[in-house]
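As C-alpha cells, the structure follows; a few thoughts come after it.
Chain naming here is simple, since letters A, B, ... match the order of the sequence lines and numbering starts at 1 in each.
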Number of protein chains: 2
Amino acid sequence: MKKAQSHDPYDMLGLDRQLCFPLYAASNLLGRVYRPLLEPLGLTYSQYLVMLILWEEGPIHVGALAQRLHIDSATMTPIVKRMQDQGLLTRNRDRSDQRHVIVRLTSRGQSLKDQAKEIPQALSDQIGDRLGHDVVEGLRTSVRKLVALLSEDLNTPIGVALPTPTPLK
Amino acid sequence: MKKAQSHDPYDMLGLDRQLCFPLYAASNLLGRVYRPLLEPLGLTYSQYLVMLILWEEGPIHVGALAQRLHIDSATMTPIVKRMQDQGLLTRNRDRSDQRHVIVRLTSRGQSLKDQAKEIPQALSDQIGDRLGHDVVEGLRTSVRKLVALLSEDLNTPIGVALPTPTPLK
DNA sequence: ACCTAATAATTCGTGCACGAAGTAAATAAC
DNA sequence: GTTATTTACTTCGTGCACGAATTATTAGGT
C-alpha cells in the first residue's frame, strides 16, 4: 500500500522528505504568531502554556508542570521564577514533602484568564478557515499521537537501532 | 460538516483543545530524539538542517538559508559562525554584492554526508512502523500546508482580527 | 555626483530548552 | 539509627530563537 519511493539513503536527506523539519518550522512560526497576541498580557508562549494548565487544573508541582508540557524540569524552574517575579503565581515548598514546590496562581494570575479567553478561538478560526477545519482536526489528533509515541519512547529510546547502521547492504 | 463543539471561549483554553501545544511538544521531543543521533557528528539539530540544505543545494547566502528554514537571520548568523569554527563551512562576502555572505561546505562538511545518510531512514522507519506510514505521510503534508499558511500570513498577519476582541457580547 | 531608500548581515538583550552536575529532603536497607 | 538510594528541584554552561537597533553596501531619485 505504501508507494514505492526511493530507498536510496541519500535521497532521504532532502529537506522536503523529512517530517521533523515541517514540525520544527511550524512550531517556530506559531510562536511568532502568538508573540504579538500574548505581549499585551505580558506572557511568553511557554508562560502561556503554564497558565493554561494552572487555569484548568489549579495548583500543581513544578515537576508535574514540566511533565505536562513535555519539557525538562530544568527549563521549568526559571520560567515559573520569572512568572513569580511578575506576580502571576507563588512558589512554596510542600509542607508534607519539602522536596516538592507547589505553584499557585495569584489573583492577578487568575484574572488574566479573562484577557486570554479570546486568543485560541481567534487563531483556531483563522487557521481553520484557510486550511479546512477537518484538516486541522486531523492534524491535531495525528500530532498528539506522535507526541504520545515520542514521549513514551524516551524511556525505550527510538534511535536504539542506529548503533548498527546498515547490518548488510 | 463541522461537529458542533462548545463555543464557550473559556473551554478553548484547555490544553487539549489547542493545536499549537502538540506542535510545540512534538518539536521539542523530536529535538530530543535527534540529539543523541547527531552528537556523533558533532551537529546540533539546527546545524543538521543547515547541512541538509547545503548538501542538497550547494552554496547559498545567509539570508536565503534563514528564509529556507523559516528562522530569523539574526538566528542564522551565530549558527553558521559556530559551524565555521568547526571547519564544516566557509563564510565569504559575495564579490559582486558585498552585502551578501556566501556559505560553502568545506570538504570536511561534504564528507559528513556519508555519516548522516542513515539517520532519516532509521527515524522514518521507527515512527512509521508505530504510527502508520500513511498517518505519517498525511501528517507531513498537513504540517507543510500549515507552514506555508503561517509563513505567508506573516506578511498579512493572522492575528489582525484580535485588536477588537469582542465587538459585542 | 549627492542624498535618500532599501537591502543584507550582524550585534544586543531576553527568554527558552537541553544534559549534566549539585543540593536537599524523604525513603529504604540493614 | 546510621548509611545508601531515590526523588524533586535547582544551578550551570551551551546553543537556539526572537525583535530591535546598527552597520555596511547597493540602488534610486533628482
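Remark: C1' of dA20(D) and CD of Glu39(A) are 12 Å apart, rounded to the nearest angstrom. Gln86(A) has its CD atom 14 Å from the P atom of dT14(C), to the nearest Å. Atom pair Leu65(B):CG and dA17(D):P shows a separation of 12 Å (rounding to whole Å applied). Summarising the geometry, the separation between CZ on Arg99(A) and P on dA8(D) is reported as 6 Å, rounded to the nearest angstrom. As rounded to whole Å, 15 Å separates atom C1' of dG19(C) from atom CG of Leu38(B). Taking atom CZ of Arg35(A) as the reference point, atom C1' of dC16(D) lies 12 Å away to the nearest angstrom.
Checking dA9(C), dA17(D), dT10(D) against every side-chain atom of Ser73(B), the shortest atom distance belongs to dA9(C). Of the candidates dC18(D), dA9(C), dG15(D), dG15(D) carries the atom nearest the Arg82(B) side chain, counting heavy atoms from C-beta on. Here the nucleotide nearest the side chain of Thr44(A), chosen from dC16(D), dA8(D), dG15(C), is dG15(C). Across dT10(C), dG19(D), dT10(D), the shortest atom-to-atom separation from the side chain of Val62(B) is found for dT10(C). Of the candidates dC18(D), dT10(C), dT25(D), dC18(D) carries the atom nearest the Asp72(B) side chain, counting heavy atoms from C-beta on. Out of dT11(C), dC18(D), dA9(C), the shortest distance to the side chain of Ala74(B) is found at dT11(C). Distance from the side chain of His100(A) is smallest for dA8(D) among the nucleotides dA17(D), dA8(D), dA9(C).
Between Thr75(A) and dC16(C), a side-chain N or O to OP1/OP2 separation shorter than 4.0 Å is absent. The phosphate of dC18(C) (OP1 or OP2) has a side-chain N or O of Arg32(B) nearer than 4.0 angstrom. An OP1 or OP2 oxygen of dC16(D) is reached within less than 4.0 angstrom by no side-chain nitrogen or oxygen of Lys81(B). OP1 or OP2 of dT10(D) lies within a sub-4.0 Å distance of a side-chain N or O belonging to Thr77(A). The shortest distance between the side-chain N/O atoms of Ser46(B) and the OP1/OP2 oxygens of dA17(D) is below 4.0 Å. For dT10(D), one of the phosphate oxygens OP1 or OP2 lies less than 4.0 angstrom from a side-chain nitrogen or oxygen of Arg91(A).
Checking Gln47(B) against Arg93(A), the closest nucleotide of DNA chain D that is more toward the 5' end is the one next to Arg93(A). Of the two residues near DNA chain C, Asp97(A) and Ile79(A), the one whose nearest nucleotide lies more 5' is Ile79(A). Across the interface with DNA chain C, nearest-nucleotide mapping of Met76(B) and Asp94(A) shows Met76(B) to be the residue nearer the 5′ end.
Within the 4.0 angstrom heavy-atom criterion, only backbone atoms of the sugar-phosphate kind lie near Tyr24(A); the bases stay farther away.
The base-pairing partner of dT26(D), taking Watson-Crick or G-U wobble contacts with both distances under 3.5 Å, does not exist among the strands shown. In a base pair of the Watson-Crick type (N1 to N3 plus N6-O4 or O6-N4) or a G-U wobble (N1-O2 and O6-N3), with each distance short of 3.5 Å, dA5(C) is matched with no nucleotide.
Counting non-hydrogen atoms of neighbouring residues, nucleotides and ligands closer than 6.0 angstrom, the CD atom of Gln67(A) reaches no more than 12 such neighbours. The environment of CZ in Arg104(A) is sparse: at most 12 heavy-atom neighbours from other residues, nucleotides or ligands sit within 6.0 Å. More than 12 heavy atoms of other shown residues, nucleotides or ligands fall within 6.0 angstrom of atom CD in Gln84(B).
The one candidate from Tyr45(B), Tyr48(B), Tyr34(B) that meets the ring-ring contact (aromatic ring centres under 6.0 Å, His included) condition with Tyr24(A) is Tyr45(B).
Side-chain N/O atoms of Gln86(A) and Arg82(A) include no donor and acceptor closer than 3.5 Å.
Between the side chain of Thr77(A) and the backbone N or O of Ala74(A), no donor-acceptor pair lies under 3.5 Å.
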